[in-house]
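Worksheet for the structure shown next.
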Amino acid sequence: MTITFRKLTDKAELQELEALEGTIWSGSSVIPLHMTLTVAKFGGLFLGAYDGDRMIGFLYSFPGYTDGELHLCSHMLGFLPEYRKQGLGVRMKWMQREEALLAGYPKITWTYDPLETVNGYLNIAKLGGVVRRYLPDCYGELNDDLNRGLPTDRFLVEWFIASDRVERHRAGQPRRPDTAGVPEVLSCDLSGELPRPRDIRPDCSGERLLLPVPAHFQAVKQADMGAAAAWREATRTLFTRYLEQGYVVTDLLRDQSVVRYVLEKRPVEDILRG
């Protein structure tokens with residue numbers, strides 16, 4: 001299977017994107033063609049993934065302006081089910097970076113649920129994004145399978161695409177922080193089939209901290225919505241507190257049942273240098 005990627009600009013391509021979006025997110029509203037055409041003309045970026053002549057995935061992003069800084073807002077990335085978990089999303093993100101650099105954008109931003117650790121590993125450990133903001137209930141109530149029943153809390157990822165940090169991740173040579181003996185700000189009950197949050201430690205301090213979350217959050221939701229809600233509440237409290245204190249999420253450590261976010265308290269400029 002040979003998958004190709006290309007920038008989407010004309011009406012026919014964006015019509016195909018509209019149809020694909022409706023297929024990927026069945027039942028959800030799609031971005032109308034008049035909107036995608038306008039965004040594409042004025043600084044937005046649309047990428048398509050193709051298996052032969054068939055579009056099987058897409059990425060949608062538009063210009064943003066926050067705190068006096070221009071950036072590209074990456075809003076949607078999706079593939080047909082049979083093309084997922086094949087590394088295509090990573091390839092599309094690196095192409096997005098190349099196109100954004102050519103267009104003069106210094107960074108790309110997007111959101112994701114911090115409890116969805118597959119996304120977290122891609123965004124932070126593979127791509128080199130960092131997180132400095134936690135957005136409680138970012139999108140309000142959503143009734144799809146992934147979000148139903150819980151507040152839609154999100155991390156805001158910042159991808160400083162021209163930084164040394166991102167270039168190292170692109171080359172497969174990231175600098176991993178030393179986490180030996182680093183305190184954890186949340187303890188977990190690992191006695192059952194699925195982990196549960198136990199003791200919150202909001203007063204930990206140090207250059208680095210670890211915050212564990214379940215490795216398979218959707219399995220937690222399916223087994224025990226009460227436990228899922230407890231994870232949401234505990235992690236919201238801790239991420240909000242430590243990010244407000246100046247910590248930055250810089251990495252993830254994967255284990256069988258939990259994933260530990262690495263939080264570092266140092267200037268983001270230092271983090272981006274490596």
Closest non-hydrogen atom pair, [X] against [Y]:
X: A125; Y: L252; answer: N-CD1, 4.3 Å
X: F217; Y: L150; answer: CZ-CD1, 3.5 Å
X: V166; Y: I161; answer: CG1-O, 4.0 Å
X: T179; Y: L253; answer: OG1-CD1, 3.6 Å
X: P212; Y: C188; answer: CG-SG, 3.7 Å
X: R236; Y: D137; answer: NH2-N, 4.1 Å

Handout entry: Lys/Arg-Asp/Glu bridge criterion (N-O < 4.0 Å) met for K11, E16
Key =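 Between E16 and K11 there is no salt bridge, as every charged N stays at least 4.0 Å from the carboxylate O atoms.
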Problem - Salt bridge present between R165 and E264 (N-O < 4.0 angstrom) - result: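 Here R165 does not pair with E264 in a salt bridge, since their nearest N and O are not under 4.0 Å apart.
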If you measure from [atom1] on [X] to [atom2] on [Y], what distance do you get to the nearest 0.5 Å?
X: S257; Y: L190; atom1: OG; atom2: CG; value: 4.5 Å
X: K7; Y: L45; atom1: NZ; atom2: CG; value: 6.0 Å
X: L59; Y: F79; atom1: CG; atom2: CZ; value: 8.0 Å
X: I24; Y: Y83; atom1: CD1; atom2: OH; value: 11.5 Å
X: M55; Y: L14; atom1: CE; atom2: CG; value: 7.5 Å
X: E18; Y: L37; atom1: CD; atom2: CG; value: 9.5 Å

Exercise for the section: Using the six-membered ring of Y121, assess whether NZ or CZ of R254 lies under 6.0 Å from its centre and within 45 degrees of the ring axis. Expected result: yes
Handout entry: K93 to W110, cation-pi by 6.0 Å centre distance and 45° axis angle
Key =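 Output yes; distance and angle both within limits.
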Is any side-chain heavy atom of [X] less than 4.5 Å from a side-chain heavy atom of [Y]?
X: W25; Y: V30; value: no
X: L186; Y: R201; value: no
X: V90; Y: K126; value: yes
X: T237; Y: P202; value: no
X: V220; Y: H216; value: no

Problem - Among N119, L156, L122, side chain to side chain contact (heavy atoms under 4.5 Å, CB included) partner for Y112 - result: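 For Y112, the side chain to side chain contact (heavy atoms under 4.5 Å, CB included) test succeeds with only one of N119, L156, L122, which is N119.
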Practice task
List the steps and the verdict of side chain to side chain contact (heavy atoms under 4.5 Å, CB included) for R176 and D251.
Solution key: CA-CA 8 Å; R176 302 296 185 196; D251 210 345; 3.0 Å; yes
Problem - ring-ring contact (aromatic ring centres under 6.0 Å, His included) partners of F5, counting only residues at least two apart - result: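 Not a single residue meets the ring-ring contact (aromatic ring centres under 6.0 Å, His included) criterion with F5.
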Handout entry: Check: F239 ring centre within less than 6.0 Å of Y261 ring centre
Key = yes
Handout entry: Listed partners of R6 passing side-chain hydrogen bond (donor to acceptor under 3.5 Å, both in side chains), at least two apart
Key =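 Applying side-chain hydrogen bond (donor to acceptor under 3.5 Å, both in side chains) to R6 gives E13, Y50.
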Side-chain H-bond candidate by donor/acceptor type, [X] with [Y], under 3.5 Å:
X: H71; Y: T66; answer: yes
X: T109; Y: E158; answer: no
X: N123; Y: W159; answer: no
X: S74; Y: Q96; answer: yes

Exercise for the section: Check the pair D113 / R154 against side chain to side chain contact (heavy atoms under 4.5 Å, CB included), numbers first and verdict last. Expected result: CA-CA 5 Å; D113 185 339; R154 296 292 187 266; 3.6 Å; yes
Handout entry: For D270, all residues meeting side-chain contact (heavy atoms from CB on, under 4.5 Å), sequence neighbours excluded
Key =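 With sequence neighbours excluded, D270 shows a side-chain contact (heavy atoms from CB on, under 4.5 Å) to R266, P267, R273, given in chain and number order.
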Exercise for the section: Carefully, step by step, assess R196 and D224 under the rule salt bridge (charged side-chain N to carboxylate O under 4.0 Å, His left out). Expected result: CA-CA 10 Å; R196 292 174 175 268; D224 187 342; 2.5 Å; yes
Practice task
Step by step, work out the side chain to side chain contact (heavy atoms under 4.5 Å, CB included) result for L243 and V249.
Solution key: CA-CA 8 Å; L243 294 180; V249 178; 4.1 Å; yes
Practice task
Check for a donor-acceptor pair, side chain of T117 on one end and backbone N or O of V259 on the other, with a separation under 3.5 Å.
Solution key: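 Side chain of T117 to backbone of V259, a donor-acceptor pair under 3.5 Å: no, none is there.
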